[in-house]
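Accompanying notes for the structure given below.
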Amino acid sequence: MGSENDIFDDIEGMVLKDAVKLFSPIVIEHFNNPQNMGALEDPDAYTFMSGMCGDTIGIFVRIGGDKISKIGFVTNGCGPTIACSSAVTSMAKGKRLDDARKITSEQLIEFLGGLPRENTHCADLAVNTLRGTLAKLE
Ligand code: FES
C-alpha cells in the first residue's frame with residue numbers, strides 16, 4: 001500500500017502533466033523555481049497592483065546609479081502570475097531604468113515562450129506593476 005507521500009507525488013505528477021499541456025517549459029520553470037521572490041528591505045520604490053481577477057503583485061526595487069541593482073516581488077496570485085512576476089523581475093534586474101520602463105507584455109510573453117490567452121492579463125499585471133514601481137522614482 002502506498003504512503004501518504006506517494007499520494008502527494010501522484011497528485012503533483014497529475015498537476016504537472018496538466019500544466020505541461022497548457023504552459024511552456026519556461027513558464028513551468030519560473031513557477032517551480034521563482035526568481036527574485038520576496039519583498040526587499042529598504043526599497044527605493046515599491047508598488048502593489050491588483051488585476052480584475054483579484055490577484056495582486058507587489059514589486060520592490062533598489063537602485064544603484066541608473067540601474068536596478070535589486071528587485072523583488074510578492075504575489076497572492078496563481079501559477080502564471082508567479083511565473084510572470086519572476087520573469088519580469090528577471091528581465092528588469094540589472095537594466096537601466098529607461099530600458100526597464102520599456103519592457104512590454106508582449107516581450108514578457110515571448111520571454112516565457114508564450115502564455116494561454118486567458119493568462120495574458122497576468123503578464124499585463126506584472127508589467128504594469130513594474131512600471132508603477134519605476135514611476136515612483138520619477
Ligand atoms: Fe489574474 Fe494571474 S489569474 S493575474
Side-chain angles (χ1 to χ4, degrees):
M1 196 170 143
S3 73
E4 208 171 273
N5 277 348
D6 291 339
I7 294 166
F8 283 125
D9 283 351
D10 283 354
I11 291 171
E12 220 171 78
M14 272 157 45
V15 169
L16 191 62
K17 238 198 296 171
D18 285 344
V20 163
K21 283 187 217 149
L22 290 174
F23 299 107
S24 77
I26 303 170
V27 172
I28 291 170
E29 172 57 25
H30 275 276
F31 170 61
N32 281 332
N33 186 22
Q35 306 296 301
N36 310 306
M37 189 146 80
L40 298 186
E41 280 182 24
D42 296 327
D44 290 311
Y46 67 93
T47 296
F48 286 84
M49 281 194 192
S50 300
M52 282 167 60
C53 61
D55 286 359
T56 300
I57 299 174
I59 292 184
F60 304 72
V61 292
R62 292 282 300 273
I63 306 303
D66 66 346
K67 291 187 177 162
I68 297 174
S69 58
K70 281 191 175 172
I71 189 163
F73 79 88
V74 294
T75 184
N76 63 357
C78 59
T81 311
I82 293 169
C84 287
S85 304
S86 170
V88 84
T89 53
S90 300
M91 290 170 79
K93 192 172 183 176
K95 272 208 166 60
R96 293 180 55 242
L97 295 176
D98 280 351
D99 293 332
R101 284 187 185 103
K102 289 181 196 150
I103 293 171
T104 64
S105 303
E106 291 73 23
Q107 289 168 340
L108 173 56
I109 291 168
E110 197 182 319
F111 179 94
L112 284 167
L115 273 177
R117 191 199 303 227
E118 57 269 33
N119 293 112
T120 56
H121 77 276
C122 310
D124 294 337
L125 180 60
V127 166
N128 288 337
T129 309
L130 174 66
R131 288 183 181 168
T133 296
L134 299 180
K136 295 256 174 97
L137 296 164
E138 285 166 7

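The first residue in the sequence is number 1, and the count goes up from there. What's counted below: heavy atoms across the whole structure, side chains too, no hydrogens, waters or symmetry copies. Note that ligands are numbered from 1 as they come in the structure, with each ligand's atoms numbered from 1 the same way.
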Please list, in number order, the atoms of ligand 1 under 4.0 Å from a heavy atom of H121. 1 (Fe), 2 (Fe), 3 (S), 4 (S)

Does ligand 1 have any atom sitting under 4.0 Å from a heavy atom of G77? no

Does some side-chain heavy atom of I59 sit less than 4.5 Å from a side-chain heavy atom of T47? no

If I take every N, O or S atom of C122, is at least one of them less than 2.8 Å from atom 2 (Fe) of ligand 1? yes

In ligand 1, the atoms that come under 4.0 Å of a heavy atom of C78 are 2 (Fe), 3 (S)

As an exercise, identify every atom of ligand 1 less than 4.0 angstrom from a heavy atom of T81. 2 (Fe), 4 (S)

Counting C-beta onward and ignoring hydrogens, is there a side-chain heavy-atom pair between D44 and F60 closer than 4.5 Å? no

Are the aromatic ring centres of F73 and Y46 under 6.0 angstrom apart? no

Less than 4.5 Å apart, side chain to side chain, heavy atoms only: is that true for L108 and C84? yes

Is the distance from atom 1 (Fe) of ligand 1 to the nearest N/O/S atom of C53 under 2.8 Å? yes

Would you call E41-R62 a salt bridge at under 4.0 Å N-O? no

